[in-house]
Amino acid sequence: MRTLFVLIAFQLFSGVYNLAGARTIKINGKSCNYNIIVPEGWDTIPADTLKSRFGKGLFDVGLYNTNSKSYFDGDYIQYIFLPTIKPLSQFTFAQITKDVQNGINIADKLPKKGEPRLITDNFNADKQNRLFYIAGKITSGTKERKYAQIIVPTKFGFLKIMYYAAKGAVANSITNDKLLATVNIPDNYRYTEPPSKFNLNIWHLLIAFAIGLAVYFSIQYAPKIKQLLTKKESI
């Protein structure tokens, strides 16, 4: 059932952007508009390259560090917006935090023996700014890559910023603050917490998160998953 929610989320969102000479990329979707500010020393990964590697419509934009020899061996960043069935502004941040945490716990257990494994080393819910910071690593056999993720609740879904460190790198070349500064969300799409008396059961949220977290991090190591999602999307 959760997989169905992932596919529904993909179908609800369609982004358009112009990469030609732009340092600010505008993403216009059905559920959220936001801007990506390309930091100095970074450039966009061609849309065709993202499509070829990950499948159609999985990511809005990808950025790579220009010091890298290739798009994906060095540091790179991916952006995706996941709309929710119910507006997030109907739920308290505490409710959303509980559901996101449950999704991470499920995702950490998804990979089977011999398959890529997603490991969450640190999860932090920033109550003041209403953000989630996640750090961990992906392992596949003897290969390992560190990642950092920022999840930004918006009015109608989650904006996910995913940073991958270069293969074999120990320290990140970009801080969470700088990573967060690469996006700008208009006020009319920002998440606002409802009055405390407003309450709904969290299952109504039906967010595409639990499977989504594992899929988006492991998809580069699991072609079969990519082929399945691409096939489902085209139906």
Side-chain angles (χ1 to χ4, degrees), residues 9 13 15 17 24-27 29 31-42 44-45 50 54 58-65 75-84 88-89 91 93-94 96-105 107-108 118-138 145-166 169 171-187 189-193 207-220:
F13 176 73
Y17 49 90
T24 297
I25 304 169
K26 295 184 178 181
I27 304 297
S31 300
C32 187
N33 294 341
Y34 68 98
N35 296 328
I36 296 173
I37 299 91
V38 182
E40 184 178 354
W42 294 75
T44 53
I45 299 173
L50 283 178
F54 300 107
L58 285 177
F59 298 102
D60 299 333
V61 171
L63 303 178
Y64 75 101
N65 192 302
D75 293 0
Y76 67 97
I77 308 170
Q78 293 172 316
Y79 300 83
I80 187 170
F81 180 78
L82 293 175
T84 52
L88 287 181
S89 293
F91 302 89
F93 186 72
I96 295 173
T97 300
K98 181 179 179 181
D99 199 67
V100 169
Q101 180 69 75
N102 288 339
I104 293 173
N105 293 338
D108 277 343
L118 178 72
I119 300 173
T120 301
D121 295 325
N122 184 52
F123 171 78
N124 178 38
D126 185 342
K127 297 180 181 179
Q128 181 176 356
N129 296 307
R130 299 188 179 94
L131 301 170
F132 301 103
Y133 296 98
I134 303 171
K137 54 184 172 288
I138 306 167
R145 169 166 284 197
K146 295 182 182 297
Y147 73 84
Q149 181 177 184
I150 301 177
I151 301 176
V152 186
T154 70
K155 190 173 184 179
F156 299 110
F158 293 99
L159 173 58
K160 299 175 67 176
I161 311 167
M162 295 168 285
Y163 163 80
Y164 296 85
N172 293 343
S173 65
I174 186 169
T175 64
N176 280 334
D177 288 343
K178 290 182 178 179
L179 196 60
L180 187 61
T182 64
V183 298
N184 177 266
I185 304 171
D187 290 340
Y189 284 104
R190 291 182 179 273
Y191 166 76
T192 55
E193 197 164 20
I207 63 172
F209 186 84
I211 297 297
L213 182 65
V215 169
Y216 299 133
F217 275 130
S218 64
I219 195 168
Q220 61 179 311

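When reading the values below, keep in mind they use all heavy atoms of this one structure, side chains included, and skip hydrogens, waters and symmetry mates.
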Do [X] and [Y] touch side chain to side chain, with heavy atoms closer than 4.5 Å?
X	Y	result
Y79	I27	no
D60	Y34	yes
Y191	I185	no
D121	K137	yes
I134	Y147	yes
L63	P39	yes

Atom [atom1] of [X] and atom [atom2] of [Y]: how far apart are they, to the nearest 0.5 Å?
X	Y	atom1	atom2	answer
I36	W42	CD1	CH2	12.5 Å
N124	T97	CG	OG1	10.0 Å
L88	T154	CG	OG1	6.0 Å
D99	N102	CG	CG	6.0 Å
I150	L180	CD1	CG	5.0 Å
L159	Y189	CG	OH	13.5 Å

Apply salt bridge (Lys or Arg N to Asp or Glu O under 4.0 Å) to D177 and list each qualifying residue two or more places apart in sequence or on a separate chain.
-> none

Return the minimal non-hydrogen interatomic distance between [X] and [Y], and the atom names on each side.
X	Y	result
L50	G62	CD1-N, 3.4 Å
Y64	T44	CE2-O, 3.6 Å
A148	N176	CB-OD1, 4.4 Å
R130	P153	O-CD, 3.2 Å
A94	E193	N-OE2, 4.3 Å
I151	Q149	CG1-OE1, 3.6 Å

Output all residues satisfying side-chain contact (heavy atoms from CB on, under 4.5 Å) with D187, sequence neighbours left out; order by chain, then residue number.
-> R190

Which residues share a side-chain contact (heavy atoms from CB on, under 4.5 Å) with D126, sequence neighbours left out |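 Testing D126 for side-chain contact (heavy atoms from CB on, under 4.5 Å), a comparison that skips the adjacent residues, returns Q128, N129, L131, Y133.
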
Could you walk me through whether I80 and M162 pass side-chain contact (heavy atoms from CB on, under 4.5 Å), step by step?
-> CA-CA 8 Å; I80 187 170; M162 295 168 285; 3.7 Å; yes

Ring centroid separation for F93 and F132, is it under 6.0 angstrom?
-> yes

